[in-house]
Amino acid sequence: MLANLAMAKKSEGQGEGQGAEATVPADQQRCGAVAIVGRPNVGKSTLMNALVGQKVSITSAKAQTTRHRITGIRTDGDSQFVFVDTPGFQTRHVARGTSALNRNLNKTVQATLGDVDVVLFLVEAGKFSADDEKVLALMPAGKPVFLVANKLDTIHRRADLLPWLQTMQTRHAFAEFVPMSSNKADDIRRLADIVRPYLPQQPWWYDAEALTDRTDRFLASEIIREKLFRLTGDELPYTSTVVIDTYSEEPSPRPGASPMVKVAASIIVERDSHKGIVIGDKGERLKRIGTEARTELERLMGTKVFVEIWVKVRSGWADDDTRLRAYGYE
Ligand SMILES: Nc1nc2c(ncn2[C@@H]2O[C@H](COP(=O)(O)OP(=O)(O)OP(=O)(O)O)[C@@H](O)[C@H]2O)c(=O)[nH]1
């Protein structure tokens, strides 16, 4: 998950391939939804950030034409690639297979993949594990699925890859095979060019400059969540979440400066012991979560941000449909 978190605020001259002309006539535009899926650590976030160009300014959609959560948008030449979120693949900490949360995530995955135009299935070049297999099993029939063999730079002899590619061909009727490295600009351009003809000819859904349709409030919760999981490692079960209680903008005391942002958030955990993990020794960990979230939000939003975080114990929230909705899981 958290594919969007490493994206920085839009800055001039940065980024890869976002050379869209706002003047492409609507009848010559291509636009479609693309899902990036794969087991943890295969490089989904890196790929997404590189495709979007590391420049996410938070803008709103021209028209909400997709019912999915959008993690990033690349508009390049005549084409707009709309990357959608597939939360079910982000279940690194699946605690129990039957909770309402997991049912909900699985449904989201299936609905998402059934609805996109292209699926980029990421694996590490030369590898195919049981986890990769689980993800591959969820691929919808009749949908173009690309096998993206990422981290090609880690393969020293390219010839070694051939037998692996041949085996992979027998696992699924992949539409395309793309061996590449997400950290190489040329590979990113090439991948976009391969995806392009799969996007339907239709007008763009978003402005040429749009990079995501997520709100600042949502971004704040994702960033706090990322810090929470990064700083607690495997100690904290995946059934912990972050809820933004209040999000407000206040005028800066300095004339002409951007408004200040105040975020009050709650980290929801299931047990007292989890609360202890989040708070840490003498509150050190919670303090660090807050500080790191604030620093990143200030960088993304280009303004002063105040972050206040509380930790609350709500046992069984992940099994409770009403609470799931309240916490933003549809
Ligand atoms: N050598 C190499 N490393 C890469 C490449 N792409 C990603 N990585 C590294 O692989 C690690 C995992 O990348 P992520 O982009 O966080 O992977 P992810 O699939 O989003 O991971 P989750 O969020 O855990 O699902 C990071 O250390 C990346 O720098 C690549 O093409 N080559």
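Numbering of ligands and ligand atoms starts at 1, following listing order. Any value given below was found using the heavy atoms of this structure, including those in side chains, with hydrogens, waters and symmetry copies removed.
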**Request:** Output yes when the distance from some N or O of ligand 1 to some N or O of Leu152 is under 3.5 Å, and no in every other case.
**Result:** no

**Prompt:** Can you find an N or O of Val42 that's nearer than 3.5 Å to an N or O of ligand 1?
**Reply:** yes

**With Phe174 via ring pair (Phe, Tyr, Trp, His ring centres under 6.0 Å) - residues at least two apart** =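 His172, Phe177.
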
**Whether over 12 other heavy atoms sit under 6.0 Å from Arg171 CZ** =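 Count over threshold, so yes.
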
**Message:** Suppose the criterion is salt bridge (Lys or Arg N to Asp or Glu O under 4.0 Å): which pairs have a residue in residues 145-154, not counting sequence neighbours?
**Reply:**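 Non-adjacent pairs meeting salt bridge (Lys or Arg N to Asp or Glu O under 4.0 Å): Glu124-Lys151.
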
Within reach of ligand 1, part of [X] (heavy-atom separation under 4.0 Å):
X      : result
Asp153 : side chain
Leu122 : neither
Asn150 : side chain

**Message:** So that I can tick it off, tell me whether Asp78 and Arg196 are bridged by a salt bridge, with the cut-off set at under 4.0 angstrom between side-chain N and carboxylate O.
**Reply:**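 A salt bridge is present here (some side-chain N lies under 4.0 Å from a carboxylate O).
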
**Prompt:** Less than 4.0 Å between a side-chain N and a carboxylate O, is that true for Asp117 and Lys143?
**Reply:**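 No.
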
**Request:** Go through ligand 1 atom by atom and flag the ones less than 4.0 Å from a non-hydrogen atom of Ser181.
**Result:** 31 (O)

**Request:** Check ligand 1 against Thr154 and write out every atom of the ligand that is under 4.0 Å from a heavy-atom position of the residue.
**Result:** 1 (N)

**Request:** Please name the pair of heavy atoms, one in Trp164 and one in Gly126, separated by the smallest distance, quoted to 0.1 Å.
**Result:**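 Distance-wise, the nearest heavy atoms are NE1-C, 3.1 Å.
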
